[in-house]
Every structure is written in C-alpha cells, then in structure tokens.
Chemist: 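Have a look at this one before I ask anything.
Whatever order the structure lists ligands and atoms in, that order sets their numbers, starting from 1.
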Amino acid sequence: AACSRKNRNAALHPLWQSPLTIPGGTRQSPINIQWRDSVYDPFLKPLKISYDPTTCLHIWNNGYSFLVEFDDSTDRSIIVGGPLENQYRLKQFHFHWGAINDWGSEHTVDSKFYPAELHLVHWNAVEYPTFEEAVMEGNGLAVIGVFLKLGARHEGLQTLVDALPAVKHKDTVIEFDVFDPSCLLPSCPDYWTYAGSLTTPPLTESVTWIIKKKPIEVDEDQLEAFRMLLFTSDGEEEKRMVDNFRPLQPLMDRTVRSSFQ
Ligand SMILES: Cc1ccc(O)c(S)c1
Ligand SMILES: [Zn+2]
C-alpha cells in the first residue's frame, strides 16, 4: 500500500503537492529559452517601467517564497509597452532559488540554470476588476523575470536581505514601506517574451512573460540569506526554503520572441 501511495503521489511536486503537469496545458512555464530559436520581432516596443517606491507595503513569507507586496489600488506603479497591449499594475515581486549555486532559476537559457530568478508580478487592471480575476485570463498577468548570477554585492538587494531574518518563518510579515524595485533591473533593455503560466498554484495560463536577457549580480552572502528562510512555521520542524522552482515545461507550439538582434 505504501508503495502504491508513493506512486500515486509521484506526479506531485514535493514542494507544493501540486500536479507537475496541467491536464490540457499548452502554455506552461517555466521553459528553456534556446537563444538561437528565439525570433527577433522589430515591432516589439521598449518596455516602460514606472514604479512609485512609496507603494511598497510589506515583506511576507508565504511558505513558498518571500513576497514584497505593493499597494495596487491605483496606477502609481505600472509597466507598459514591450509586448503588452495595456498597462499592467505591480502587485508583488518574489524570487525562486536553489540550495546551491548550480541551480535555482525557473527559466534556463540554452539549458543553463542561474542560482536564482526574480519575478515582478503585474496585472491588467485596465480589463479586469481584481488581481484574482486577472489570474484566470489569458492576458491577465505580465511577469518580468530577472536572472541573478553570483558576483558583486547588490546594494539595492541588501536592504531587502537585511529584513529577511524578520520573516524567517512561514506566515510572518514585516512592514517595508519604501522600496524601488527598478533598482533590481539590469540597465540593458533587451528581453525575450513568450506566452506562459504561473509557476506556482493555480498554474493558470495567464502570464505574458518578459525575461530580461542580462542577469543582475548578487554575492554569496546575499544568496545564503535567501537560503536561511524556512518553508515551515515557527514551532514546526525546520525545513529550509530552497529549491522553490518548478521543473521545466514543454515548449509545445510556442515561439519565444526577442526584442534584440
Ligand atoms: C502570481 C504569482 C505567484 C507566484 C509565482 O511564483 C508566480 S511566477 C506568480
Ligand atoms: Zn515566480
């Protein structure tokens, strides 16, 4: 019985106990970006980013990652242009990372993993009344993905790292009332874009992905600070928050476009 029970759960991801594959899924994320297969699209516009640092609210350990959440009741922090038809409101950003530097990102480039990946999550408040409804729509979300590579210390990230001990356990939160997430973006404007999904439950196929070509640099101590967070609540047996990335999904009938030649 134990064996069959294990087999039955074999298709469940150990982290989320959620299905690894979505039945009928045709645009799942993450994917490997094969650089030479991406298609330059001259009609892609530059991505315009305007964040108001005072819309920052708090940092929250939700048991999957740590989220920095923003006041999305107005259009004060938005992105527009790039592959997007509308402007999208910033709701939160979070990271995915590994136990060691050899892996951790969700997307890969020519099958190369980075030690971590930043996701800035935005929703289409022009067409949908709430984030929760936008999550269910094909053009509901736009997520900017930024790769993190091991290198120099990132001063902008450090203000975030300094707050992490206060959200060590699942369901802890700390006020964080001024932060400009544009300091976490590389200066190079180049990106890839493709139609995909959330990489955590509900895994809905509602995301226009915008993956920056250039990574940002962070140092070992900063990555280690991510790894000292816990999936578990205070008082539970400690499980380090590491390897919170979803396995690669099939490209199926999709083309990845590039904003650069
Ligand atoms: C809305 C949302 C929540 C968690 C995630 O990892 C992603 S990628 C998107
Ligand atoms: Zn994510």
Side-chain angles (χ1 to χ4, degrees), residues 13-22 25 27-33 57-72 77-79 83-84 88-98 103-109 113-125 127-148 157 160 167 170-171 173 181 184-185 191-212 215-216 218 223 226 229 231 241-249 256:
H13 190 283
L15 179 66
W16 298 305
Q17 297 311 313
S18 77
L20 275 182
T21 57
I22 291 289
R27 53 175 280 194
Q28 288 291 296
S29 294
I31 59 169
N32 174 52
I33 297 169
L57 294 173
H58 51 251
I59 307 176
W60 172 43
N61 178 335
N62 71 348
Y64 295 128
S65 182
F66 64 94
L67 306 188
V68 180
E69 297 200 291
F70 290 77
D71 169 5
D72 60 351
S77 289
I78 55 155
I79 58 172
L84 305 172
Y88 286 65
R89 254 182 222 172
L90 176 66
K91 173 145 183 80
Q92 50 105 324
F93 70 82
H94 62 272
F95 298 81
H96 302 265
W97 61 90
W103 60 73
S105 60
E106 297 218 293
H107 293 86
T108 54
V109 179
F113 282 94
Y114 286 88
E117 184 173 331
L118 159 64
H119 288 162
L120 294 138
V121 178
H122 310 77
W123 60 284
N124 182 346
E127 292 188 25
Y128 308 111
T130 65
F131 172 77
E132 287 70 24
E133 286 179 70
V135 165
M136 309 311 289
E137 303 289 338
N139 67 341
L141 302 184
V143 182
I144 298 176
V146 181
F147 295 118
L148 276 62
L157 184 71
L160 210 45
V167 289
K170 176 180 177 188
D171 293 332
V173 61
L184 299 175
L185 296 169
Y191 62 84
W192 289 285
T193 183
Y194 78 97
S197 74
L198 298 189
T199 63
T200 56
L203 302 170
T204 43
E205 298 184 332
S206 55
V207 179
T208 299
W209 280 96
I210 299 165
I211 307 288
K212 302 294 285 185
I216 59 169
V218 301
L223 287 170
F226 285 14
L229 293 170
F231 284 129
M241 185 180 274
V242 292
D243 298 333
N244 56 355
F245 58 92
R246 191 189 188 198
L248 290 170
Q249 302 296 310
V256 176

Chemist: Considering the options Lys91, His58, His94, which one meets the side chain to side chain donor-acceptor pair (under 3.5 Å) requirement together with Glu69?
Modeler: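 Running side chain to side chain donor-acceptor pair (under 3.5 Å) over Lys91, His58, His94 with Glu69 returns exactly one hit, His58.
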Chemist: Give a yes-or-no answer on whether the side chains of Glu127 and Asn139 include a donor-acceptor pair shorter than 3.5 Å.
Modeler: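 Short answer, yes.
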Chemist: Tell me how many protein N, O or S atoms are within a distance shorter than 2.8 Å of the Zn ion (ligand 2).
Modeler: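 For the Zn ion (ligand 2), protein nitrogen, oxygen or sulfur atoms under 2.8 Å: 3.
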Chemist: Going through the distances and angles, do Ile210 and Leu84 end up as a side chain to side chain contact (heavy atoms under 4.5 Å, CB included)?
Modeler: CA-CA 10 Å; Ile210 299 165; Leu84 305 172; 4.2 Å; yes
Chemist: Quick one: ring pair (Phe, Tyr, Trp, His ring centres under 6.0 Å) partners of Tyr114, sequence neighbours excluded?
Modeler: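 Tyr114 satisfies ring pair (Phe, Tyr, Trp, His ring centres under 6.0 Å) with Phe147 once adjacent residues are dropped.
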Chemist: Got a sec, which residues hit side-chain hydrogen bond (donor to acceptor under 3.5 Å, both in side chains) with Asp171, two or more places apart in sequence or on another chain?
Modeler: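 With neighbours one apart ignored, the set is empty.
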Chemist: Would you find a donor on one side and an acceptor on the other, under 3.5 Å apart, between the side chain of Arg246 and the backbone of Ser29?
Modeler: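 Yes, Arg246 side chain to Ser29 backbone: donor-acceptor pair under 3.5 Å.
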Chemist: With a 4.0 angstrom cut-off on heavy atoms, strictly below it, pick out the residues next to ligand 1 and order them by chain and number.
Modeler: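 Lining ligand 1 at under 4.0 Å, by heavy atoms, one finds Gln92, His94, His96, His119, Val121, Phe131, Leu198, Thr199, Thr200, Trp209.
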Chemist: Determine, using ring centers only, whether Trp209 and His107 are less than 6.0 Å apart.
Modeler: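 Aromatic pair counts; centres sit under 6.0 Å.
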Chemist: Is a side-chain donor or acceptor of Ser65 paired with a backbone partner of Phe95 at a separation under 3.5 angstrom?
Modeler: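 Side chain of Ser65 to backbone of Phe95: a pair is present.
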Chemist: How about NZ on Lys170, more than 12 heavy atoms from neighbouring residues, nucleotides or ligands closer than 6.0 Å, or not?
Modeler: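 No, not enclosed.
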